[in-house]
Amino acid sequence: MRCYASLRRRAEFARLRRYGRRIASRTLTLYLADAPSDDSTSLVGITVNKAIGKAVVRNKLRRRLASIVNDALAGSQRALALVVVARPPAAGADFACLRTDLLTALRRA
């Protein structure tokens, strides 16, 4: 079971992109902020656009990122609002590289 709730509305993604802290790595860009005070769970959105590749590649990448985010936030005491944006080099990256990039970016936050 996931330890976070999904961002659903376009406005939620846009608000985080506009006001959240941006952290970029080679394969990912993260936008994050503290979750609203009334939420005890983290809010996460994952974006993979068509520049990454065909639907099969995008969906595989989205599932990988969801798994990595779930593992990263499982032990976290702090509730975050997080948008993960995949960059084109992420399509060819393996799971370990994606995991390293995401965890490094979260530590920098």
Side-chain angles (χ1 to χ4, degrees):
M1 180 156 192
R2 290 188 318 184
C3 64
Y4 62 86
S6 294
L7 291 175
R8 299 282 182 191
R9 296 187 186 348
R10 181 182 173 121
E12 294 170 335
F13 282 86
R15 184 176 54 246
L16 267 175
R17 281 182 178 232
R18 191 174 319 123
Y19 299 116
R21 180 171 176 206
R22 183 173 68 93
I23 301 168
S25 69
R26 189 178 70 80
T27 58
L28 304 168
T29 301
L30 301 180
Y31 296 91
L32 67 129
D34 289 328
S37 59
D38 58 338
D39 280 344
S40 61
T41 60
S42 294
L43 302 170
V44 177
I46 299 172
T47 302
V48 181
N49 66 19
K50 288 186 179 182
I52 301 295
K54 299 212 179 251
V56 173
V57 175
R58 293 192 313 264
N59 288 332
K60 181 178 179 180
L61 182 57
R62 190 176 296 118
R63 287 191 304 269
R64 283 180 170 186
L65 291 174
S67 174
I68 294 168
V69 168
N70 189 42
D71 291 343
L73 295 179
S76 178
Q77 300 296 326
R78 187 173 118 192
L80 294 173
L82 174 70
V83 171
V84 180
V85 180
R87 299 173 83 181
D94 62 345
F95 188 85
C97 179
L98 291 171
R99 180 173 163 67
T100 302
D101 279 354
L102 188 109
L103 292 177
T104 302
L106 280 176
R107 269 189 238 114
R108 284 195 290 171

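Residue pairs meeting the salt bridge (Lys or Arg N to Asp or Glu O under 4.0 Å) criterion with at least one member in residues 71-92, sequence neighbours excluded: Asp34-Arg78.
Side-chain contact between Leu16 and Leu82 is absent, with no heavy-atom pair separated by less than 4.5 Å. Using a 4.5 Å heavy-atom threshold, the side chains of Arg17 and Val85 count as touching. Counting heavy atoms from C-beta on, the side chains of Cys97 and Asp94 come closer than 4.5 Å. For the pair Thr47/Val84, no side-chain contact is recorded, criterion being any heavy-atom separation below 4.5 Å from C-beta on.
Nearest heavy-atom pair, Ala86 versus Val48, reported as atom, atom and distance to 0.1 Å: CB-CG2, 4.0 Å. Residues Leu98 and Ala90 share a closest heavy-atom pair of CD2-CB, 4.0 Å. Annotation for Gly20 and Ala33: closest pair CA-CB, 4.5 Å, computed over non-hydrogen atoms. Phe13 approaches Ile46 most closely through the heavy-atom pair CE2-N, 4.2 Å.
When the side chain to side chain donor-acceptor pair (under 3.5 Å) test is applied to Thr41, no partner is found at least two apart in sequence or on another chain. With sequence neighbours excluded, no residue forms a side chain to side chain donor-acceptor pair (under 3.5 Å) with Arg63. Considering only residues two or more places apart in sequence or on other chains, Ser6 meets the side chain to side chain contact (heavy atoms under 4.5 Å, CB included) condition with Arg2, Tyr4, Arg8.
Atoms CG and SG, on Leu73 and Cys3 in that order, are 5.0 Å from each other to the nearest 0.5 Å. Separating the CZ atom in Arg9 from the CZ atom in Arg15 is a distance of 10.5 Å, to the nearest 0.5 Å.
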When the side chains of residues 23-32 are checked against the rest of the protein, which donor-acceptor pairs come out under 3.5 Å, sequence neighbours left out?
residue, atom, partner, partner atom, Å
Ser25, OG, Leu28, N, 3.2
Ser25, OG, Leu28, O, 3.1
Thr27, OG1, Asp101, OD2, 2.5

Taking distance alone, no hydrogens or angles, what donor-acceptor pairs closer than 3.5 Å link side-chain atoms of residues 54-61 to residues at least two apart or in another chain?
residue, atom, partner, partner atom, Å
Arg58, NH1, Gly53, O, 2.8
Asn59, OD1, Arg62, NH1, 2.6
Asn59, ND2, Ala55, O, 3.2

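Linking Ile, Leu, Val, Met, Phe, Trp and Tyr residues whenever their side-chain heavy atoms come within less than 4.5 Å places Val69 and Leu106 in a single cluster.
Other residues, nucleotides and ligands place no more than 12 heavy atoms under 6.0 Å from the CZ atom of Arg22.
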